[in-house]
Amino acid sequence: MGSRWISLGVSCGIISVWLIGYGLPSDESMVVFLFLVAVIQTLAAYRIGKYIDQLRQMAYHDSLTGVLVNRRFLDKLVAEVELAKSNHQSVTLLFIDLDNFKIFNDSFGHMEGDRLLCQFARILQASVRKQDIVGRWGGEEFVVLLTQTDTRRALGIGERIQNQVRNALSGVTVSIGVASYPHHAATAEELAKKADMLMYEAKKRKDCMMVASNEMINIGKANTRPLS
């Protein structure tokens with residue numbers, strides 16, 4: 001529930017308590033005055049709540065791409081890992097880097113680079129479910145948290161992201177690191193470190209997806225490689 005509705009509810013509650021305690025005045029002009037005061041108070045509470053929601057949106061979301069910022073994503077990651085632990089489920093984390101983004105920036109300029117980042121963020125959001133979480137880790141690095149998802153299913157999503165980037169972003173590819181809780185990490189911090197390390201290994205090959213596993217998981221792509 002947004003802050004605007006909470007503020008509105010509190011305002012209405014205060015008015016209701018006042019009316020129950022003191023009742024309506026007998027003077028008609030006073031009734032009109034109190035009605036106007038109540039309307040102004042309610043509108044003010046709604047506007048204040050809306051402003052708080054806007055501040056929260058700005059604090060939690062990247063100003064360029066609209067996805068979650070690093071710190072907020074980490075909070076979500078910790079919460080989802082704890083939830084998965086309680087429910088004996090899996091969650092999978094993708095660390096994703098745009099290959100050769102610096103070269104693209106130098107060739108086409110920073111404004112085009114920003115447009116590319118926004119387009120890539122939209123691709124990520126369109127590639128996952130509503131309950132999954134997309135964030136910007138920093139620069140051209142993005143993260144995707146796939147709730148209730150094991151490694152094999154996550155690889156299929158990673159492959160879909162790679163294909164969409166190849167088709168939509170001409171000349172641009174992505175490198176992805178994939179790690180799952182509880183199979184590859186016991187905590188949210190370990191999961192983030194593992195997926196991050198795998199992404200950097202994938203970047204050495206470009207357009208590659210590295211998996212935290214000793215076993216090859218074949219999803220039909222020669223560029224998907226396991227890493228212990």
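Count residues from 1 along the sequence.
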- prompt: So, Asn163 and Arg160: side-chain donor and acceptor under 3.5 Å apart, yes or no?
  reply: no
query: What are the two closest heavy atoms between Gln148 and Arg153, and how far apart are they?
result: O-NH1, 3.0 Å
- prompt: When rounded to the nearest 0.5 angstrom, what is the spacing between CD1 in Ile123 and SG in Cys118?
  reply: 11.5 Å
field: Verdict with supporting geometry, Met197 and Tyr200, side-chain contact (heavy atoms from CB on, under 4.5 Å)
entry: CA-CA 5 Å; Met197 182 266 292; Tyr200 276 99; 5.9 Å; no
- prompt: Do you know the tightest heavy-atom contact between Phe95 and Ala192?
  reply: CE1-O, 3.7 Å
query: Does the side chain of Gln119 come within less than 4.5 Å of Leu169's, by heavy atoms?
result: yes
message: Could you check whether any side-chain N or O of Thr149 sits under 3.5 Å from a backbone N or O of Thr147, counting only pairs where one atom can act as donor and the other as acceptor?
response: yes
task: Consider only side-chain heavy atoms of I, L, V, M, F, W and Y, link residues closer than 4.5 Å, and tell whether Phe120 and Leu64 are in one cluster.
output: yes
query: Are any of the side-chain heavy atoms of Leu93 and Phe73 separated by less than 4.5 Å?
result: yes
From OG1 (Thr173) to CD (Gln162), nearest 0.5 Å: 8.5 Å
Basic-acidic side-chain contact under 4.0 Å: Lys193, Glu189: yes
- prompt: Do Asp62 side-chain atoms and Val69 backbone N/O form a donor-acceptor pair below 3.5 Å?
  reply: no
query: Do Leu83 and Leu68 share a hydrophobic cluster (ILVMFWY, side-chain heavy atoms under 4.5 Å, transitive)?
result: no
query: Atom CE in Met111, atom CG in Asn105: separation rounded to 0.5 Å?
result: 12.0 Å
message: Test ring-ring contact (aromatic ring centres under 6.0 Å, His included) on Phe142 and Trp137; report intermediate values, then the result.
response: CA-CA 5 Å; Phe142 288 74; Trp137 198 249; over 10 Å; no
message: So does Ala212 get a backbone contact from the side chain of His184, meaning a donor-acceptor N/O pair under 3.5 Å?
response: yes
query: Mind checking whether Val81 and Val91 have side chains closer than 4.5 Å, heavy atoms only?
result: yes
message: Any heavy-atom pair between the side chains of Leu94 and Ile161 that's under 4.5 Å?
response: yes
query: Are a donor atom and an acceptor atom from the side chains of Ser90 and Asp150 found within less than 3.5 Å of each other?
result: no
query: Any link between Ile103 and Phe108 through a network of hydrophobic side chains (Ile, Leu, Val, Met, Phe, Trp, Tyr) touching at under 4.5 Å?
result: no
field: Side-chain ion pair, Arg71 and Asp75, N-O less than 4.0 Å
entry: no
Check: Leu117 and Leu98 side chains under 4.5 Å, non-hydrogen atoms: yes
message: I'd like to know if the side chain of Ser180 and the backbone of His183 have a donor-acceptor N/O pair within less than 3.5 Å.
response: no
- prompt: Can you list the steps and then say if Val211 with Leu155 is a side-chain contact (heavy atoms from CB on, under 4.5 Å)?
  reply: CA-CA 8 Å; Val211 186; Leu155 288 173; 3.3 Å; yes
- prompt: Does Arg136 reach the main-chain N or O of Gly139 with its side chain, forming a donor-acceptor pair under 3.5 Å?
  reply: yes
statement: Interatomic distance, CD@Gln131 vs CD@Glu80, rounded to 0.5 Å, equals 9.5 Å
field: Pairwise distance CG(Leu198) to CE(Met209) - rounded to 0.5 angstrom
entry: 11.5 Å
task: Hey, can you tell me if Phe104 and Phe101 have their rings parallel, tilted or perpendicular (30° and 60° cut-offs)?
output: parallel
Nearest heavy-atom neighbours spanning Gly66 and His61: O-CD2, 3.1 Å
task: Give a yes or no on whether the backbone of Val78 and the side-chain of Glu82 come within a donor-acceptor separation of less than 3.5 Å.
output: no
message: Run Leu124 and Ile96 through side-chain contact (heavy atoms from CB on, under 4.5 Å) and show every step you take.
response: CA-CA 10 Å; Leu124 292 180; Ile96 309 172; 3.7 Å; yes
- prompt: Within the side chain of Asp99, is there an N or O that forms a donor-acceptor pair under 3.5 Å with the backbone of Asp207?
  reply: yes
message: Do Met210 and Met199 have side chains that approach each other closer than 4.5 Å (heavy atoms only, starting at C-beta)?
response: no
query: Between Thr151 and Thr92, what is the shortest heavy-atom contact and its length?
result: N-OG1, 3.8 Å
task: Heavy atoms only: give me the nearest Val178-Ala154 pair and the separation to one decimal.
output: CG1-CB, 4.3 Å
- prompt: Going from NE2 on His110 to CZ on Arg115, what distance comes out if it is rounded to the nearest 0.5 angstrom?
  reply: 13.5 Å
field: Verdict with supporting geometry, Gln164 and Ser127, side-chain contact (heavy atoms from CB on, under 4.5 Å)
entry: CA-CA 9 Å; Gln164 290 184 356; Ser127 299; 2.8 Å; yes
query: Looking at side-chain heavy atoms only, is the closest gap between Gln125 and Val67 below 4.5 Å?
result: yes
- prompt: Given side chains that start at C-beta, do those of Ile157 and Val128 come closer than 4.5 Å, heavy atoms only?
  reply: yes
